[in-house]
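Okay, structure first, notes after.
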Amino acid sequence: MAKPPHPATLAAQALGWVDDATRAVIPAIHPSTTYLRDPDNQYRSGRVYGRADNPTYDQAEALLAQLEGGAEASLFASGMAAATAVFMALAPGDHVVVPSVMYWSLRNWLLGPATAWGIQVSVVDTTRPAEVQAALRPGQTRLLWLETPGNPLWDISDIAALSSMAHKAGAQVAVDSTVATPVLTRPLELGADIVMHAATKYLNGHSDVVAGALVCRAADAFWGRIKAVRVQHGGILGPFEAWLLLRGMRTLFVRVPAMCRSASAIAAHFERHDHVAQVLYPGLIDFPGHAIAARQMQGGFGAMLSLRVAGGAAHAVATAAGVKLWKRATSLGGVESLIEHRASIEGANSPVPPDLLRLSVGIEDTGDLIADLEHALAGGA
Ligand SMILES: Cc1ncc(COP(=O)(O)O)c(C=O)c1O
């Protein structure tokens, strides 16, 4: 049998799908909110109502499931809608273990509304397996949530080791793999049960869609409850956004490696620099999680890095103010490079130091990006 196509081929051709009726190689957008019943009142098409699903999701979900090596994928209205659906599929009283370095808004939701609803949340340093082991409560811990690299310090958690630890305690494992993307890491192959993406970021890649996605290893009862949350809570993606997301995913395997190469060059350039106290990037040999990242990430260490600026918070804010090419904006994963002073957005529960600038590296010329940062760090107006 012929060798199965490389994921880059699957992505470029969106699984090679062609519309039977029109021979179109690009899918249609289906705005319909409702579907015709059969004369005997049944719904043999499987489509009933727009809050349950939409045919425009089909290809994006099928492609993402294949890229992650999973059984099924499900699109959501945002990364937060996808992530919270996983926790909402648990029951009050259930215990979860989550990382201290994670997307700040999800941490705030877990410590606020989720805790108030009865989910018991332990926040631990997931780069330290012993801390995870001590936090797991066999029979009560239902979920270990990982985010690797973890935003915005880029902590690396060992998916394989922690998954086997969690499974022994009877817990499932979900990984926010937004920053790694399926180009660099396939968490399900490393033992995770669910992969989550803020598809707003690299999967779409053009800063013009807010979307989320989950992929399961097995379509089990937990997955069934997660999908029910999407239908019941209505955190669904619009059909136009689903179509744009698929279009973005077609170039994923070109964008991500290019961005990783540029991020790696920028990290190396500023690693020993008068105006930079520390560069946080998993690709640097001295980075604490580098050895695990080298095992767990293939073809690059991601396109996110952070600089701790030598002159402290004021210097960091002034640097972000002084750039001309980098865009001073939140979010990540688009083709344009973004810079952000994170402490001023993350607030009280955040582990982020006040001198930290988060960089999302796009596809511009690396030399231009370095020159712009050099100029801003030196106080250039
Ligand atoms: C790592 C990570 N996870 C989840 C999210 C949430 O995604 P969204 O903004 O699409 O809800 C973000 C957003 O920045 C993120 O960076």
Side-chain angles (χ1 to χ4, degrees), residues 60 64 68 73-88 98-110 113-114 126 145-157 159 174-185 187 192 194-215 229-230 233-238 241-242 244-245 248-249 256 259 263 280 282 297 301-306 327 329-334 336-347 349-352 356 358-362:
L64 186 60
E68 289 290 4
S74 200
L75 298 184
F76 287 80
S78 64
M80 279 297 285
T84 54
V86 177
F87 293 96
M88 298 298 284
V98 307
S100 45
V101 174
M102 71 185 301
Y103 176 56
W104 71 292
S105 215
L106 183 58
R107 178 178 52 239
N108 287 346
W109 180 82
L110 285 164
T126 53
W145 183 268
L146 301 174
E147 180 181 318
T148 181
N151 188 357
L153 304 180
W154 319 118
D155 277 11
I156 299 294
S157 299
I159 298 171
V175 179
D176 181 340
S177 198
T178 299
V179 171
T181 82
V183 179
L184 308 176
T185 306
I194 290 173
V195 180
M196 176 253 151
H197 286 282
T200 314
K201 318 298 177 183
Y202 294 98
L203 293 186
N204 178 60
H206 294 79
S207 306
D208 53 10
V209 169
V210 173
L214 297 172
V215 187
V229 171
R230 187 180 79 171
H233 292 227
I236 52 160
L237 195 60
E241 286 73 15
L244 273 176
L245 173 59
M249 282 167 65
V256 169
M259 291 162 156
L280 304 176
M297 303 178 82
F301 293 92
M304 296 301 301
L305 66 143
S306 295
K327 299 293 170 240
T330 198
S331 199
L332 54 106
E336 64 291 305
S337 295
L338 305 179
I339 186 166
E340 191 178 33
H341 181 247
R342 280 307 290 179
S344 49
I345 196 168
E346 293 205 6
N349 291 323
S350 168
V352 175
L356 182 139
R358 186 181 79 175
L359 307 182
S360 170
V361 179

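Counting starts at 1 for both ligands and their atoms, in listed order. Numbers here are sequence positions counted from 1. Bear in mind that the values here come from a model prediction, so they are computed numbers and not experimental data.
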Quiz item: Are Met80 and Leu106 close enough, and set up right, to give a side-chain contact (heavy atoms from CB on, under 4.5 Å), and what steps lead you there?
Solution: CA-CA 7 Å; Met80 279 297 285; Leu106 183 58; 3.9 Å; yes

Self-check item: Check against side-chain contact (heavy atoms from CB on, under 4.5 Å), Phe87 and Trp109
Solution: CA-CA 10 Å; Phe87 293 96; Trp109 180 82; 3.7 Å; yes

Quiz prompt | Check against side chain to side chain donor-acceptor pair (under 3.5 Å), Lys201 and Ser331 | solution = CA-CA 7 Å; Lys201 318 298 177 183; Ser331 199; 2.9 Å; yes

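The nearest protein atom to atom 6 (C) of ligand 1, hydrogens excluded, is given as Tyr103 CE2, 3.3 Å; this is a heavy-atom distance. Here the heavy atom of the protein found nearest to atom 14 (O) of ligand 1 is Lys201 NZ, 2.9 Å. Taking atom 11 (O) of ligand 1 as the reference point, the nearest protein heavy-atom neighbour is Met80 N, 2.8 Å. The protein heavy atom nearest to atom 10 (O) of ligand 1 is Thr200 OG1, 2.6 Å. For atom 8 (P) of ligand 1, the nearest non-hydrogen atom of the protein is Gly79 N, 3.4 Å. What sits closest to atom 2 (C) of ligand 1 on the protein, heavy atoms only, is Asp176 OD2, 3.5 Å.
At least one heavy atom of Leu332 sits under 4.0 Å from some atom of ligand 1. Not a single heavy atom of His197 sits under 4.0 Å from any atom of ligand 1.
The only option from Val175, Asp176, Thr181 that meets the side-chain contact (heavy atoms from CB on, under 4.5 Å) definition with Thr178 turns out to be Asp176. Applying the side-chain contact (heavy atoms from CB on, under 4.5 Å) test between Arg358 and each of Val352, Ile339, Thr330, Ile345 identifies Thr330 as the sole match. Screening Asp155, Leu146, Val98 for a side-chain contact (heavy atoms from CB on, under 4.5 Å) involving Thr126 leaves a single residue, Leu146.
Side-chain N or O atoms of Thr148 include one that pairs as donor or acceptor with a backbone N or O of Ser157 at under 3.5 Å. Checked by atom type and distance alone, the side chain of Glu147 never pairs as donor or acceptor with a backbone atom of Ser177 at under 3.5 Å.
Selection from Ala180, Ala198, Gly333 by nearest heavy atom to atom 7 (O) of ligand 1 gives Ala198.
Residue contacts with ligand 1: Val210 is placed with no nitrogen or oxygen under 3.5 Å of a nitrogen or oxygen of the ligand (distance criterion only). Distances between N or O atoms of Glu147 and those of ligand 1 include no value under 3.5 Å.
For ligand 1, the atoms sitting less than 4.0 Å from at least one non-hydrogen atom of Asn151 are 16 (O), numbered in the order shown with element in parentheses.
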